[in-house]
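Worksheet: one structure, shown below.
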Protein chains: 2
Amino acid sequence: MTNAQVPSSEAADERILVAAGKLFREKGFAATTVREIAQAASMLPGSLHYRYASKDDVLVALMERGVRRAIAAVTKGIAATRDPVERLKLGLRAHLELLCQGDDSLYVLLYDFRSLPEGAREGVERSRGRYEAFWDGMLYEAWGTGRSRSALDLDLVRQFGMGAINWVATWYRPGSGRTPAQIADAFWTYLAFGLMGEASRPADVESQFQELLTKSGEE
Amino acid sequence: MTNAQVPSSEAADERILVAAGKLFREKGFAATTVREIAQAASMLPGSLHYRYASKDDVLVALMERGVRRAIAAVTKGIAATRDPVERLKLGLRAHLELLCQGDDSLYVLLYDFRSLPEGAREGVERSRGRYEAFWDGMLYEAWGTGRSRSALDLDLVRQFGMGAINWVATWYRPGSGRTPAQIADAFWTYLAFGLMGEASRPADVESQFQELLTKSGEE
DNA sequence: AGTATTGTTGGCCGAATGACCAACGCTCAA
DNA sequence: TTGAGCGTTGGTCATTCGGCCAACAATACT
């Protein structure tokens, strides 16, 4: 605007993604207008078209960014310790903080997946798979310490934990009780130690988990 | 039901909701056309308009039905036992089976909440609140047995469990490994007993939960 | 049989959408 | 100073949307 040089280039791309993220999160992809995005990004529809050939392209770019940001945030979060189990806790916290307080790209990635055009789905899916593989790696390392139960389907465990955490975005409102970090820590404790009291644990808990592991192919 | 009289009336309403549910689930509310719904329900757009004045009305009706069906399914599911703790397990199973195999109204209720028009939001929110209160009641009864940990924020526990369960709908595909019932049971076991091994539980687990309970007001 | 009620038809309408572009200004290297 | 591009402008375009309705059909009631 007022500054010189290339006033936007990258900054304009950024403004578009930020504006689109906010709108997609609030109203969903299909309900958001290209004109709305442009206006929120302080530009005209034509300018937006110059940078992204289509509305779909904006969505894809935003989602790809969501993956990158999530990996970056979690990577940074877990760097504080070398203990694989503790890393899971920190990773959960970083993920939830990004989802609730960070930018909207992760939210859109998670909650507007249905809006992806057929053609772009595969690419985004692969990116998303990278993030999941990233968590699987952390889970595997934690499992390798021997401190967790031995009979665990780590894939299912990941879906379990990510589900609980991701769902927070549907009900969390800033400034109402707990912070995302507190919620993540509470969920971590639930995950790790369970909700049943120590006294009322049956003796064969471990074998129950073993059963869960084998009972997976039958219909 | 099967009698003559008004051949459609109720049956046509039903067809509309079923068709709309399927489409909303696949593509989302905003991306679905009134004409598509009508065609899928084997009627013309005008006929649809005769029964639901607006597209929004279809969404609201579908969501209200989602609440009713969920309460009905869980109520039926938990009737098999009187043990409050066991009831939670059966309730989870019923909820997930409805979400994954039943009709689409529960899915739409959960995943298309953003599409609700401003005016109808409050009403649906109240209905949804009824379902949540229903679960809170079950949780409270289970807590009352003394078999669970005593220091639990039941509201947070509900969000935790429902989140993990609801998220399954985003990745579950029929005929791929586990059935919804198996997934629900696995998640139940995770919830109840935790993922850390019995051997590696610190002695002060209970006090950790106690801390979680008090650490909720600070910002 | 005649009348009222209920439900359906198929097309119409204004509004809004995504995509697009020719003209234009600005910045900077030469 | 100049010219070549990058980036922006503001509007156009065909299409599609949700909502609507007057005429019609079918059924139920009297």
Side-chain angles (χ1 to χ4, degrees), chain A residues 1-21 23-24 26-63 108 112 114-120, chain B residues 1-21 23-24 26-63 108 112 114-120:
Chain A
M1 293 284 166
T2 53
N3 66 347
Q5 206 147 349
V6 183
S8 6
S9 199
E10 205 154 329
D13 278 14
E14 179 72 12
R15 261 167 35 228
I16 292 172
L17 292 186
V18 169
L23 289 165
F24 290 169
E26 284 171 5
K27 330 194 326 174
F29 173 78
T32 300
T33 293
V34 173
R35 288 165 175 78
E36 288 175 331
I37 301 172
Q39 190 183 9
S42 307
M43 63 182 66
L44 292 165
S47 304
L48 193 149
H49 183 258
Y50 174 76
R51 297 176 182 283
Y52 295 95
S54 73
K55 193 182 164 190
D56 288 341
D57 286 355
V58 176
L59 180 65
V60 171
L62 193 61
M63 286 184 166
V108 173
D112 259 316
R114 283 176 295 174
S115 304
L116 266 180
E118 201 60 44
Chain B
M1 288 299 161
T2 56
N3 63 353
Q5 203 152 349
V6 184
S8 7
S9 201
E10 206 155 329
D13 279 12
E14 179 73 11
R15 263 170 29 232
I16 292 172
L17 291 185
V18 169
L23 288 166
F24 290 168
E26 283 170 6
K27 332 194 326 175
F29 173 78
T32 301
T33 294
V34 173
R35 288 165 175 78
E36 288 175 330
I37 301 173
Q39 190 183 8
S42 305
M43 64 182 65
L44 292 165
S47 305
L48 194 150
H49 178 69
Y50 174 76
R51 298 179 179 281
Y52 296 94
S54 73
K55 193 182 163 188
D56 289 340
D57 286 355
V58 176
L59 180 65
V60 170
L62 193 61
M63 286 184 166
V108 173
D112 259 316
R114 284 176 294 173
S115 304
L116 266 180
E118 201 61 44

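Note on residues 26-57 of chain B: pairs passing ring pair (Phe, Tyr, Trp, His ring centres under 6.0 Å), not counting sequence neighbours, are B:F24-B:F29.
Computed from coordinates, the A:Q39 CD to C:dA16 C1' distance equals 15 Å when rounded to whole Å. Atom CE in A:M43 sits about 18 Å away from atom P in D:dG11, given to the nearest Å. Rounded to whole angstrom, the span from the CG atom of B:L44 across to the C1' atom of D:dA25 amounts to 14 Å. Atom C1' of nucleotide C:dG11 and atom CG of B:L48 are separated by 16 Å, given to the nearest angstrom. Rounded to whole Å, atom P of C:dG18 lies 14 Å from atom CD1 of A:I16.
With sequence neighbours left out, the side-chain contact (heavy atoms from CB on, under 4.5 Å) criterion links A:V60 to A:E64, A:L116, A:A120, A:V124. For A:T33, the side-chain contact (heavy atoms from CB on, under 4.5 Å) partners two or more places apart in sequence, or in a different chain, are A:R35, A:E36. Listed by chain and number, the residues in a side-chain contact (heavy atoms from CB on, under 4.5 Å) with A:A31 are A:K27, B:A30 (sequence neighbours excluded). Not counting sequence neighbours, B:S47 has no partner by the side chain to side chain donor-acceptor pair (under 3.5 Å) test.
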Polar atom pairs (N or O), protein with nucleotides 18-21 of chain D, under 3.5 Å:
unit_1 : atom_1 : unit_2 : atom_2 : d
D:dG18 : OP1    : B:T32  : O      : 3.2
D:dG18 : OP1    : B:K55  : NZ     : 2.8
D:dG18 : OP2    : B:V34  : N      : 2.9
D:dG18 : N7     : B:R35  : NH1    : 2.7
D:dG18 : O6     : B:R35  : NH2    : 2.7
D:dG19 : OP2    : B:K55  : N      : 2.9

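Considering only side-chain N and O atoms, B:Y50 lies nowhere under 4.0 angstrom from the phosphate OP1 or OP2 of C:dT8. Residue B:R51 places no side-chain N or O under 4.0 Å from the OP1 or OP2 atom of C:dT6.
Checked by atom type and distance alone, the side chain of B:R114 never pairs as donor or acceptor with a backbone atom of A:E26 at under 3.5 Å.
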